[in-house]
Amino acid sequence: METIHKLEYFVKLCYRVGMQNNRIFDLIVIGGGPSGMMCAGRAAELGSRVLLIEKNKDLGKKLSLTGGGRCNITNAEFDNRAFLANFPEAKEFLFSPFSKFSVKDTFDFFEKKGLPLVVEGRKRAFPKTQKASDVTDVMARYIKENNVEIKLGTKVVGLSKDKDGNFLVETKSGDSFIGQKAALASGIGGEGAQILEKLGHAVKEPNPNLVPLTTDAAWVHALSGISLSFMTIRFRQGDPSTCRGQAKTMLKKTGKILFTHFGVSGPLILNSSFEVKKLLEAGPVIASIDMFPDTEENELDRRVWRLFEQNKNKMLKNIIPGMMDKALAEQILNFPELRLAEKEANAVTKEERKTLVKRMKDLCFPITGTLGFEKALIADGGVALTEVNFSNMTSKFHPNLYLLGDVLDINRPSGGFSLQLCWTTGWVAGSDGVKK
Ligand SMILES: Cc1cc2nc3c(=O)[nH]c(=O)nc-3n(C[C@H](O)[C@H](O)[C@H](O)COP(=O)(O)OP(=O)(O)OC[C@H]3O[C@@H](n4cnc5c(N)ncnc54)[C@H](O)[C@@H]3O)c2cc1C
């Protein structure tokens, strides 16, 4: 009988130790976005026992929405120096990780996983299938094939060190796990920022960086969904009620503008938003679109005059659309100072024609602000770069803690640069987390 009890006790002990061991991992990755999945997959591929914890029910929820559902996965600039020139404040830090995993490595990685990439304008690279969800699927397969343990729908609420220097990861549901190493890949803000502050890091508040601009001009809202290519937009400081500003243009860019129900968006606007936000801090801002940036005002006036001569008896609403988008023509012709839509060309005075031409070259509207943080494609904020060891992406305060992707305070433009940062930082950390 005593032997049976001893045996029972032994079995229970083995079970308990086994259970505990089950909860000890070489690496625990917090966040199942692109940087977390890359890190987890790579570390597991190299033999580490990895747990990935994600608070959503699915992996890569945001990743599946990137690039308007197409995922601008990287930017096809294969020269590291030229690529990193897009990160003016961070490039010196990034040379080391990019020497280990570059844009070319991203192309090779996805190609080998059966997802070749194609390059479009401005060197933006997309999966050939044009589906962001395929990128998420590749990453999810990568971690599953390498036996990463995955806990979905599990929110991490605490990260602290135990007496042995391991990380104790606590979740909202009350479960806790121990990792010899941990990787914080939880994106910008949220619990990740609180965790980092508790661990002694300085975390900059998130600040929307690439974000659409808002206006209260009803004619802009009415054009929602229309995009105009090869337009020049100027931003100047001035009185929004009259649309008259100081002569000095503070910022001028040319490209594609998208009208929305709240204002303007598209790559040109997003890439201007950081500077426009700064102008807004100094006072009211007026935007002015030049629809014919390659044509001088006098020459444009002659073009309009010729158009009127050729269509003397036609109403302007039927001939101006020959020069621009029909809906935009309708809005402009109905501006209170014009009201020319129903007028025949031969009845338009020289003064009216000149005002019309002026508006084509100076289509102005007030900028009232930017859409908030939640609509930002990129927000700066996060851990100060001086607190990170970029040779292996660890915290300088906690050498067994990796800091990845959007957790880092790196300012960058749109065009695939953010996701490349995730692939690079995730890979470098995952490669460092090899079981010794
Ligand atoms: C609409 C939109 C479109 C974009 N398009 C592009 C594009 O085409 N190309 C490009 O380069 N960049 C794009 N970006 C930026 C890009 O999506 C981000 O830079 C990138 O997703 C950051 O990856 P990450 O892994 O660092 O964090 P995230 O993708 O934010 O992933 C973090 C993960 O951690 C999880 N998490 C957070 N807190 C916890 C917690 N406490 N416990 C457990 N899990 C947690 C989150 O649920 C999330 O799944 C876009 C952004 C947006 C908003």
Side-chain angles (χ1 to χ4, degrees), residues 28-41 51-76 86 103 106 117 120 122-127 130-132 135-136 139-140 150-159 169-173 175 177 182-196 206 208-212 265 267 270 371-383 393 402-427 429:
I28 300 181
V29 179
I30 303 165
S35 64
M37 287 194 278
M38 183 57 111
C39 173
L51 169 68
L52 184 144
I53 307 179
E54 165 56 53
K55 71 176 172 187
N56 289 329
K57 293 242 164 357
D58 302 302
L59 293 165
K61 212 169 156 189
K62 195 202 273 181
L63 178 60
S64 296
L65 297 173
T66 53
R70 296 198 302 137
C71 183
N72 182 189
I73 198 165
T74 183
N75 192 280
N86 291 287
V103 172
T106 301
L117 311 185
E120 297 185 7
R122 297 192 294 126
K123 297 191 180 180
R124 290 165 309 139
F126 296 84
Q130 303 284 314
K131 275 162 75 182
V135 181
T136 308
M139 295 313 294
I150 305 164
K151 295 244 174 274
L152 296 175
T154 308
K155 190 195 260 192
V156 171
V157 289
L159 183 69
V169 181
E170 289 163 87
T171 67
K172 197 178 172 201
S173 58
D175 288 335
F177 306 93
L184 197 62
S186 54
I188 197 154
E191 299 85 24
Q194 289 159 19
I195 286 171
L196 280 164
N209 211 338
L210 287 191
V211 69
S265 189
L270 295 171
L371 279 197
F373 168 55
E374 62 288 350
K375 291 281 189 287
L377 260 70
I378 294 172
D380 67 1
V383 176
M393 298 314 305
Y402 299 100
L403 303 169
L404 312 177
D406 276 6
V407 162
L408 304 159
D409 180 17
I410 300 180
N411 202 352
R412 69 267 176 185
S414 71
F417 296 98
S418 303
L419 284 174
Q420 182 58 50
L421 275 182
C422 294
W423 312 132
T424 295
T425 55
W427 177 274

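Atoms within each ligand, like the ligands themselves, are counted from 1 in listed order. Note that the coordinates shown come from a computational prediction; the quantities given were computed from them, not determined experimentally.
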Tell me whether G67 has any N or O atom under 3.5 angstrom from an N or O of ligand 1. yes
Does the N or O separation between G60 and ligand 1 drop below 3.5 Å for any pair? no
Looking at E54 and K61, does any basic side-chain N land under 4.0 Å from a carboxylate oxygen? no
R70 and E120 ion-paired at < 4.0 Å: yes
Checking contacts here: is it the side chain or the backbone of K155 that comes within 4.0 Å of ligand 1, counting heavy atoms only? Could be both or neither. both
Which of the ligand 1 atoms, numbered from 1, are nearer than 4.0 Å to a heavy atom of [X]:
X	result
E191	38 (N), 39 (C), 40 (C), 41 (N)
A185	32 (C), 33 (C), 34 (O)
G416	11 (O)
G187	27 (O), 30 (O), 32 (C)
T154	42 (N), 43 (C)
R412	19 (O)
G33	25 (O), 31 (O), 33 (C)
G405	26 (O)

Please state whether [X] comes within less than 4.0 angstrom of ligand 1, counting heavy atoms only.
X	answer
L63	no
K62	yes
C422	yes

Contacts of K151 that satisfy side-chain hydrogen bond (donor to acceptor under 3.5 Å, both in side chains) - sequence neighbours left out: none
T74: which residues meet the side-chain hydrogen bond (donor to acceptor under 3.5 Å, both in side chains) condition with it, sequence neighbours left out? Q420
Residue selection (non-hydrogen contact nearest atom 24 (P) of ligand 1) among S35, S418, C71, G31: S35
For atom 39 (C) of ligand 1, which of R124, K55, R70 has the closest heavy atom? K55
Approximate separation, where rounding is to 0.5 Å, of K155 NZ and N56 CG: 10.0 Å
Evaluate the side chain to side chain contact (heavy atoms under 4.5 Å, CB included) criterion for residues D409 and V383: first the C-alpha distance (whole Å), next the side-chain angles of each, then the deciding distance (0.1 Å), finally the verdict. CA-CA 5 Å; D409 180 17; V383 176; 5.8 Å; no
Walk me through whether L159 and I30 qualify under side chain to side chain contact (heavy atoms under 4.5 Å, CB included). CA-CA 10 Å; L159 183 69; I30 303 165; 4.2 Å; yes
Using the side chain to side chain contact (heavy atoms under 4.5 Å, CB included) rule, take L421 and L408 through it: C-alpha gap first, then chi angles, then the decisive distance, then the call. CA-CA 10 Å; L421 275 182; L408 304 159; over 6 Å; no
I want to check a possible cation-pi pair here: R412 against F417, using under 6.0 Å from ring centre and within 45° of the ring axis as the test. no
Assess, by modelled atom type and distance only, whether the side chains of T136 and S64 contain a donor and an acceptor separated by less than 3.5 Å. yes
